[in-house]
Amino acid sequence: MKKLKIIAAICLSVLSVSCSKNRKTAGEIQNTSVRKIYVAHSQSYIPYAFVNEKNESDGFEVALWKEIDKRLDQYEVEFVPTSSEDLLIGVETGKYNVGIKGIWSTEQRRQKYLFPKNYLGASVIGLTFRKENANVIHDLESFAAFSGKLVPISPQSAQYAIITDFNNRHPDKPIKLIPADVFDIPESYSWVLEGRYDGFFDLQVAYKRNIEAENGSYHKYADKLSYVVYEAVPTWPLFSKNETQLADDYDKTIVQVFADGTYAMLSKSFFGEDVSKYVKK
């Protein structure tokens with residue numbers, strides 16, 4: 001009987017310790033719970049966000065979010081390559097928590113989505129012109145003084161707003177801003193070479209892809225055209241409207257990514273330089 005009591009006491013003690021350990025483990029799991037975040041991105045916007053030859057999510061903005069994911073233990077990021085339309089609708093409806101695709105800020109977008117305080121990437125924009133005029137055209141000011149004859153721009157585009165802002169700040173020598181019916185004019189490069197216009201307000205990535213790249217669609221013009229940077233327009237991650245905590249955590253983390261040099265390192269690997277230096281402070 002005495003032995004049975006001892007055995008029972010031992011069993012109760014073991015059971016108590018086991019329950020205690022189980023309670024501790026459950027508490028630890030609760031304290032370290034991880035929330036999965038779905039980050040939708042474009043499939044072919046090189047070098048910002050795309051799917052590479054290994055069928056993996058890749059690009060500058062994707063790399064930045066991978067870095068953010070490393071630093072935020074409370075989240076697990078899952079990338080979802082998708083169409084531009086699905087990305088925008090998906091973030092607006094909450095299907096995706098975040099969307100990235102080299103997005104510029106507009107008033108219309110700010111009504112639909114939550115924008116953080118700090119931008120993610122930067123889209124460098126500038127002027128494509130005839131190389132024969134490189135000795136007199138160095139920036140938008142000298143282009144305006146030279147002729148200001150710019151290929152027409154769609155009034156709905158951010159480029160139109162940038163030139164409008166430039167003209168407002170340079171009323172004495174504005175650029176000739178003509179509205180176009182379409183966003184992308186395929187003949188822009190040939191129009192410049194023909195002398196119909198003297199400049200084309202172009203994205204740097206588009207110039208590099210179309211003109212500088214050996215397999216570019218207009219590489220045959222590489223020895224006849226030049227490009228000068230004007231500025232970099234910030235690109236933003238779109239958050240669903242209810243993701244205020246996630247947006248705050250993003251803001252704190254992207255500041256760290258800038259401060260410790262990681263941002264500049266990733267930018268150089270995708271663009272060959274730190275594009276943030278062109279963003280107006």
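All heavy atoms count here, side chains included; hydrogens, waters and symmetry mates do not.
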Rounded to the nearest 0.5 Å, what's the gap from [atom1] on [X] to [atom2] on [Y]? Could you check?
X	Y	atom1	atom2	value
Ile211	Leu225	CD1	CG	5.0 Å
Arg209	Gln204	CZ	CD	12.0 Å
Lys112	Thr93	NZ	OG1	11.5 Å
Lys101	Thr82	NZ	OG1	11.0 Å
Tyr250	Ile37	OH	CD1	14.5 Å
Leu120	Ser276	CG	OG	12.0 Å

Does [X] [atom1] have over 12 foreign heavy atoms under 6.0 Å away?
X	atom1	result
Lys173	NZ	no
Asn55	CG	no
Lys280	NZ	yes

Arg109 to Trp236 six-membered ring, cation-pi geometry met (6.0 Å, 45°): no
Distance under 6.0 Å and angle within 45° of ring axis: Arg110 vs Phe115: yes
Does [X] reach the main-chain N or O of [Y] with its side chain, forming a donor-acceptor pair under 3.5 Å?
X	Y	result
Ser240	Asn242	no
Ser267	Glu273	yes
His170	Phe166	yes
Asp251	Lys117	yes
Tyr221	Leu193	no
Arg35	Glu76	no
Ser42	Ser44	no
Glu61	Gly102	yes
Asn168	Thr164	yes
Asn167	Ile175	yes

Determine whether [X] and [Y] make a side-chain contact, defined as any pair of heavy atoms from C-beta on separated by less than 4.5 Å.
X	Y	result
Ile137	Leu127	yes
His41	Val51	yes
Ile163	Leu140	yes
Ser57	Phe50	no
Ile68	Tyr75	no
Asp165	Arg169	yes
Val275	Val124	yes
Val39	Val80	no

Under 4.5 Å between side-chain heavy atoms, hopping through other hydrophobics if needed: is there a path connecting [X] to [Y]?
X	Y	answer
Leu87	Ile46	no
Trp104	Ile254	yes
Val151	Val228	yes

Given Tyr227, Phe200, Phe201, the one that forms ring-ring contact (aromatic ring centres under 6.0 Å, His included) with Tyr207: Tyr227
Within the 6.0 Å centroid threshold, strictly below: Tyr38 and Tyr96: no
Arg130/Glu132 salt bridge by N-O under 4.0 Å criterion: yes
Steps toward side chain to side chain contact (heavy atoms under 4.5 Å, CB included) verdict (Val91, Lys95): CA-CA 6 Å; Val91 174; Lys95 177 182 177 182; over 6 Å; no
Residue among Asp249, Val34, Val77 satisfying side-chain contact (heavy atoms from CB on, under 4.5 Å) with Leu72: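 Of all the options given, the one that passes is Asp249.
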From CA spacing to verdict: side chain to side chain contact (heavy atoms under 4.5 Å, CB included), Thr128, Val192: CA-CA 8 Å; Thr128 298; Val192 170; 5.5 Å; no
For [X] versus [Y], what's the shortest heavy-atom pair and its separation?
X	Y	answer
Ser154	Ser157	O-OG, 2.8 Å
Thr235	Ala122	OG1-N, 3.4 Å
Gly195	Lys149	O-NZ, 3.9 Å
Leu266	Ser269	O-OG, 2.6 Å
Val233	Ile125	CG2-CG2, 4.3 Å
Ala134	His138	O-CE1, 3.5 Å

Side chain to side chain contact (heavy atoms under 4.5 Å, CB included) assessment of Leu88 paired with Leu238: CA-CA 8 Å; Leu88 294 172; Leu238 298 180; 3.7 Å; yes
[X] and [Y]: side-chain donor and acceptor closer than 3.5 Å?
X	Y	value
Gln256	Asp260	no
Asp202	Tyr189	yes
Ser83	Asp86	no

Any pair counted as ring pair (Phe, Tyr, Trp, His ring centres under 6.0 Å), so long as it reaches residues 143-162, sequence neighbours left out: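 Of all non-adjacent pairs touching residues 143-162, none passes ring pair (Phe, Tyr, Trp, His ring centres under 6.0 Å).
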Ring pair (Phe, Tyr, Trp, His ring centres under 6.0 Å) contacts in which one or both residues fall within residues 254-278, not counting sequence neighbours: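 The answer is Tyr48-Phe271, Phe60-Tyr263, Phe60-Phe271, Tyr119-Phe258, Phe258-Tyr263.
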Val255 vs Asn118, side chain to side chain contact (heavy atoms under 4.5 Å, CB included): CA-CA, chis, key distance, verdict: CA-CA 8 Å; Val255 168; Asn118 298 283; 3.8 Å; yes
Verdict with supporting geometry, Asp274 and Lys268, salt bridge (Lys or Arg N to Asp or Glu O under 4.0 Å): CA-CA 5 Å; Asp274 182 3; Lys268 288 174 184 176; over 6 Å; no
Step-by-step salt bridge (Lys or Arg N to Asp or Glu O under 4.0 Å) determination, Arg196 to Glu194: CA-CA 6 Å; Arg196 185 170 174 178; Glu194 292 167 3; 5.6 Å; no
